[in-house]
Every structure is written in structure tokens, then in C-alpha cells.
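Below is one structure, written out as C-alpha cells; the observations come after it.
Start at 1 with the first residue, then count along the sequence.
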Amino acid sequence: NMEPGLPRTFRLLAELERGEKGLGDYSISYGLNKADDNTFSDWNGTIIGPPGTAFDNRIYSLGIKCGENYPNQPPIIRFLNKINMNCVNKANGYVDANKMEILKHWKPGYNLETCLVHLKKEMTSGANRKAPQPNEGETYQMLI
């Protein structure tokens, strides 16, 4: 009988190893913020904007937080670079779970890669692909 915290740790350890090996899609990546984070809570992600969109060639950095109920609850995701996308809060960069299908209808089988793949796919959607973007290099204020 496993103690309640273990499955989450094993699951995130597996995700970490997968992220370190490199994903099938080279335009996305993720990893732990601090190598010695035994709680596997604070992650960073990167998405390279898809060609033929307003995000083309831009590198987007994201902060990802996996709470203690992950993977039963979705992670909290925040863009660090300013971005104009219909599922992202323009004031602070947080991805609005109610406006992103996979976060709204989260399943424990989803993972960090799923989130990044879907965000990249959102960039190519009709609503976002040509949306005017903030100047490259502009970032949201860091939260204390």
C-alpha cells in the first residue's frame, strides 16, 4: 500500500526524465526550475512560436506549478513573456483554465507536455494566429 504522496512523485519524476530526454516536438521543452526541488512543484516550459503565425520565431518562457493534487488537478501555467492570446490573462500572463479546453476538462492522463502542445496549437487557431503581439522581449512583472 503506497503512501498518498508517492504516486504524484513517481509520476513527476517520469515527466522530468521525459523532459530531459527531449520531446518529439523540438519546439517545446520543460524542466524543473531547481534540480533539488524534491516536491516537483516548480517547473519551467518553453514554446517556440509556430511559423506562419504572429508568434513565429519568438521564444516563450512559461512558469508551471504542479500542486499537491497534480495529476488529479491541472497545473497552473503562466507566460513570462507578454503574449496576446485568447486563453491568457493579458494583465499577468496566467493561462485561464476556463478558456483552455484541456485545463477545463482535465484528465489525470494529461501531462506537462500535453499542456505545452495544446498551448502551441492554440497559437495556430483562427482566433490567435494573426493577433497583434506585444513587443518582443516584454515580460510580465515577477510575482513575489
Side-chain angles (χ1 to χ4, degrees), residues 1-51 53-129 131 133-134 136-144:
N1 205 358
M2 284 190 187
E3 56 180 311
L6 275 182
R8 174 187 178 279
T9 305
F10 281 136
R11 162 71 185 264
L12 284 165
L13 192 56
E15 290 203 43
L16 178 62
E17 285 171 359
R18 183 165 165 72
E20 284 173 344
K21 285 196 187 100
L23 309 170
D25 180 346
Y26 294 111
S27 65
I28 58 174
S29 61
Y30 67 83
L32 266 181
N33 267 345
K34 296 192 177 80
D36 61 355
D37 174 6
N38 318 340
T39 66
F40 295 98
S41 298
D42 291 305
W43 299 71
N44 55 68
T46 305
I47 300 174
I48 299 171
T53 68
F55 312 95
D56 191 0
N57 269 328
R58 292 190 178 197
I59 298 174
Y60 291 95
S61 300
L62 300 93
I64 305 167
K65 196 164 201 63
C66 293
E68 55 196 37
N69 296 320
Y70 180 90
N72 296 317
Q73 287 183 343
I76 295 168
I77 306 171
R78 181 178 191 237
F79 277 85
L80 305 180
N81 310 74
K82 287 199 174 177
I83 190 166
N84 179 16
M85 249 171 104
N86 59 0
C87 61
V88 178
N89 182 320
K90 288 182 182 49
N92 56 27
Y94 279 101
V95 176
D96 183 341
N98 292 317
K99 294 183 181 169
M100 188 169 159
E101 208 56 31
I102 66 153
L103 295 180
K104 192 174 178 177
H105 303 290
W106 180 258
K107 296 181 178 73
Y110 294 158
N111 56 29
L112 299 179
E113 182 179 3
T114 318
C115 294
L116 294 171
V117 166
H118 274 260
L119 278 169
K120 184 185 159 197
K121 204 169 141 203
E122 278 294 313
M123 292 175 172
T124 64
S125 75
N128 293 316
R129 60 178 303 124
Q133 294 304 310
E136 200 165 354
E138 284 186 29
T139 54
Y140 293 104
Q141 293 198 306
M142 296 311 286
L143 299 180
I144 309 303

Interatomic spacing from [atom1] in [X] to [atom2] in [Y] - rounded to 0.5 Å:
X: I64; Y: R78; atom1: CD1; atom2: CZ; answer: 13.0 Å
X: N86; Y: N128; atom1: CG; atom2: CG; answer: 4.0 Å
X: F40; Y: C66; atom1: CZ; atom2: SG; answer: 10.5 Å
X: L12; Y: N38; atom1: CG; atom2: CG; answer: 12.5 Å
X: I48; Y: M123; atom1: CD1; atom2: CE; answer: 10.5 Å

Is there a side-chain contact between [X] and [Y] in this structure, where contact means two heavy atoms from C-beta onward sitting under 4.5 Å apart?
X: I47; Y: F55; answer: no
X: F79; Y: L119; answer: yes
X: K82; Y: T139; answer: no
X: D25; Y: E113; answer: no
X: E15; Y: Y30; answer: yes
X: I77; Y: C115; answer: yes

Check: [Y] main-chain N/O paired with [X] side-chain donor or acceptor under 3.5 Å:
X: R11; Y: P108; value: yes
X: Q133; Y: N84; value: yes
X: N89; Y: Y94; value: no
X: N44; Y: S61; value: no

Handout entry: Check against side chain to side chain contact (heavy atoms under 4.5 Å, CB included), R18 and L112
Key = CA-CA 10 Å; R18 183 165 165 72; L112 299 179; over 6 Å; no

Where is the tightest heavy-atom contact between [X] and [Y], given as atom of each residue plus distance?
X: R8; Y: S41; value: NH2-OG, 3.6 Å
X: T124; Y: R129; value: O-NH1, 3.2 Å
X: L103; Y: P74; value: CD2-CB, 3.7 Å
X: E122; Y: S125; value: O-OG, 2.9 Å
X: Y140; Y: V88; value: OH-CG1, 4.4 Å
X: K120; Y: I28; value: CD-CG2, 4.3 Å

Exercise for the section: Name the orientation class of the two ring planes belonging to H118 and Y110 (parallel below 30°, tilted from 30 to 60°, perpendicular beyond 60°). Expected result: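 Judged by the thresholds at 30° and 60°, the geometry between H118 and Y110 is tilted.
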
Exercise for the section: For the residue pair W106 and Y70, categorise the inter-ring angle as parallel (less than 30°), tilted (30 to 60°) or perpendicular (more than 60°). Expected result: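 Answer is tilted, since the angle falls between 30° and 60°.
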
Completion exercise
Residue set satisfying side-chain contact (heavy atoms from CB on, under 4.5 Å) with D96, at least two apart, ordered chain then number -> N98, K99

Practice task
Given side chain to side chain contact (heavy atoms under 4.5 Å, CB included), test N57 with E136 step by step and report yes or no.
Solution key: CA-CA 10 Å; N57 269 328; E136 200 165 354; over 6 Å; no

Handout entry: Step-by-step side chain to side chain contact (heavy atoms under 4.5 Å, CB included) determination, W43 to L16
Key = CA-CA 9 Å; W43 299 71; L16 178 62; 3.8 Å; yes

Exercise for the section: List for me each residue that meets salt bridge (charged side-chain N to carboxylate O under 4.0 Å, His left out) alongside D37, sequence neighbours excluded, and say none if there are none. Expected result: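 Not a single residue meets the salt bridge (charged side-chain N to carboxylate O under 4.0 Å, His left out) criterion with D37.
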
